[in-house]
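Working notes, structure below.
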Amino acid sequence: MSKMVKSESSSSDVPLSKPWQSYQTVYTNAKAGMDGVEKEKVQRIVYEMSKGSKYFENEERKEALMRQRTDNMRERLGKLSITDIAHYQKIAERRITELEATRDLSRIWLHVDMDAFYAAVETLSNPSLKGKPMAVGGMSMISTANYEARRYGVRAAMPVFQRYDLNFISASLDEAYLDITEVCRERDVRSDEVAEEIRRSVFEETGLICSAGVGPNRLLAKIGGIGKVTEHILRTAFEIDTCKDLLEKGGFLCALFSPSSADFFLSVGLGLGGTDTPQARLRKSMSNERTFSATEDEAFLYQKLAELSHILSTDLQKEGLRGRTLTLKLKTASFEVQTRAVTLPKCICSSEDILLHAKKLLKAELPASLRLIGSKAV
DNA sequence: ATACATACC
DNA sequence: AACTGGTATGTAT
């Protein structure tokens, strides 16, 4: 959503003479910290270096798929009759009124976002990195998830958040939502003052810098909402660039998307978001997966599967859980993701049972050149 | 209705 | 991209 409001990036209709500008995934200039950098030059260099790689080809495949979805949407849009449009416009208007009636402005939510979290945590444990350009990664690619970082950093800021909201929501490793309504009322302080206080406490107690936003619900506290693919579709197929557009063209959204998707778009347009603290739900599945350099070596693949099955079994038993359907996840050397599942007559949790069924699923897919295997129990 | 596969967040 | 887990959706049976 922030991207939609700012409306700066031109994701479509890029001249063919500059192909690197259409390649959005590896390098996006939307991120902060790009001041004083020759953006186009960097983008071109990254493009030249990525071109032809397996990963790159898969990204192109996904971009083509996205274009197909957009074209498909355009086509369906063109087939709507005047009557259809009037009909769905009515539906949209009614739905907007209903959604508006649910607006709750009684709560104050605060969204915290740790700045450059992984790099910042790494720098804490290795101060010599301070001021140097760095990325967290390995296996010839840039990644982030790092268990050391997790343990170190997550614990670091959590006590601060808890002082303001015992039930704060961890949205991801580096993001959290706090309901600060009571804090504001009891101490008679403004929300922006609380935001500043939290930022200062986090820095004093962890050395990590974070940003904090405030709003009457979680959507507005974060100013978030719509992802890259959806944004592209909305922009190019519907010419929807702003929240206002989402509401004005709600009829088309209701006509072409499922009711729940249309509701989602209209809510974003209205700035409606979660105001309650959902109670922690019970876990419904447990999974694990590993990436490695792509191989066809079946002994290696079965060995990986055995390791994953053992870990999954241990994790399940740690929480006293069992699963009745077992899903095998594969990613081919060309980055295509596949899942294969089997539902069993009885729940299982032993590593032998898991491996037995996972092996059968894998066997049916071989030979194949794979770069990831995963297993999931539901 | 159930199982399975995929996309998206 | 990595890894986890949930939801939504579509398809086949």
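Atom CD1 in A:I373 sits about 14 Å away from atom P in C:dT4, given to the nearest Å. Atom P of nucleotide B:dC9 and atom NE2 of A:H232 are separated by 14 Å, given to the nearest angstrom. Atom NZ in A:K304 sits about 14 Å away from atom P in C:dA2, given to the nearest Å. Taking atom NZ of A:K222 as the reference point, atom P of B:dC9 lies 12 Å away to the nearest angstrom. For the pair A:F264 CZ and B:dC8 P, the computed distance is 13 Å after rounding to whole Å. In this structure, CG of A:L312 is placed 9 Å from P of C:dG5, rounded to the nearest angstrom. Between the CG atom of A:L316 and the C1' atom of C:dT4 there is a distance of 14 Å, rounded to whole Å. One interatomic measurement links the two molecules: CG of A:L321 to P of C:dT4, which rounds to 16 Å at whole-angstrom precision.
Proximity note for A:R340 (side chain, C-beta onward) versus C:dT4, B:dT6, C:dG5: the nearest is B:dT6. Of all nucleotides listed (C:dG5, C:dC3, B:dC4), C:dG5 comes nearest to the side chain of A:M286. Taking only side-chain atoms of A:T230, from C-beta outward, the nucleotide of C:dT4, B:dC8, B:dC4 with the closest atom is B:dC8.
In this model, no donor atom of one side chain and acceptor atom of the other lie less than 3.5 Å apart for A:E93 and A:T97. A donor and an acceptor atom, one from each side chain of A:D263 and A:S260, are nowhere located under 3.5 Å apart.
For the pair A:S285 and C:dG5, the criterion of a side-chain N or O lying under 4.0 Å from OP1 or OP2 is not met. Between A:R283 and the phosphate of C:dT4, there is no side-chain N or O to OP1/OP2 separation shorter than 4.0 Å. The shortest distance between the side-chain N/O atoms of A:R290 and the OP1/OP2 oxygens of C:dT4 is below 4.0 Å. Distances shown here put a side-chain N or O of A:T291 below 4.0 Å from the OP1 or OP2 atom of C:dA2.
In this structure, the ring of A:F292 has its center less than 6.0 angstrom from the ring center of A:F300.
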- Message: Show, in sequence, the C-alpha distance, side-chain angles and deciding distance for A:K363 and A:K360, and conclude whether the side chain to side chain contact (heavy atoms under 4.5 Å, CB included) test is met.
- Response: CA-CA 5 Å; A:K363 186 161 186 261; A:K360 282 191 210 164; 5.7 Å; no

- Verdict with supporting geometry, A:T102 and A:E98, side-chain hydrogen bond (donor to acceptor under 3.5 Å, both in side chains): CA-CA 7 Å; A:T102 70; A:E98 288 168 4; over 6 Å; no

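Using a 4.0 Å cutoff on non-hydrogen atoms, the parts of residues 327-339 of chain A near DNA chain C are A:K331, ordered by number.
Inter-residue side-chain proximity for A:F203 and A:R199 is flagged as unmet; no heavy-atom pair is nearer than 4.5 Å. With a 4.5 Å cut-off on side-chain heavy atoms, A:T236 and A:M73 do not count as touching. Residues A:H111 and A:R218 form no side-chain contact, since every pair of their non-hydrogen atoms from C-beta on lies 4.5 Å or further apart.
By the 30° and 60° cut-offs, the orientation of the rings of A:F252 relative to A:F238 is tilted.
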Under 3.5 Å, which protein N or O atoms sit close to an N or O of nucleotides 7-9 of chain C? Give each pair with its distance.
residue: C:dT7; atom: OP1; partner: A:R281; partner atom: NH1; Å: 2.9
residue: C:dT7; atom: OP2; partner: A:K284; partner atom: NZ; Å: 3.0
residue: C:dA8; atom: O3'; partner: A:S260; partner atom: OG; Å: 3.4
residue: C:dT9; atom: OP1; partner: A:S258; partner atom: OG; Å: 2.2
residue: C:dT9; atom: OP1; partner: A:S260; partner atom: OG; Å: 2.6

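Taking 4.0 Å as the cut-off between side-chain N and carboxylate O, A:E193 and A:R187 do not count as a salt-bridged pair.
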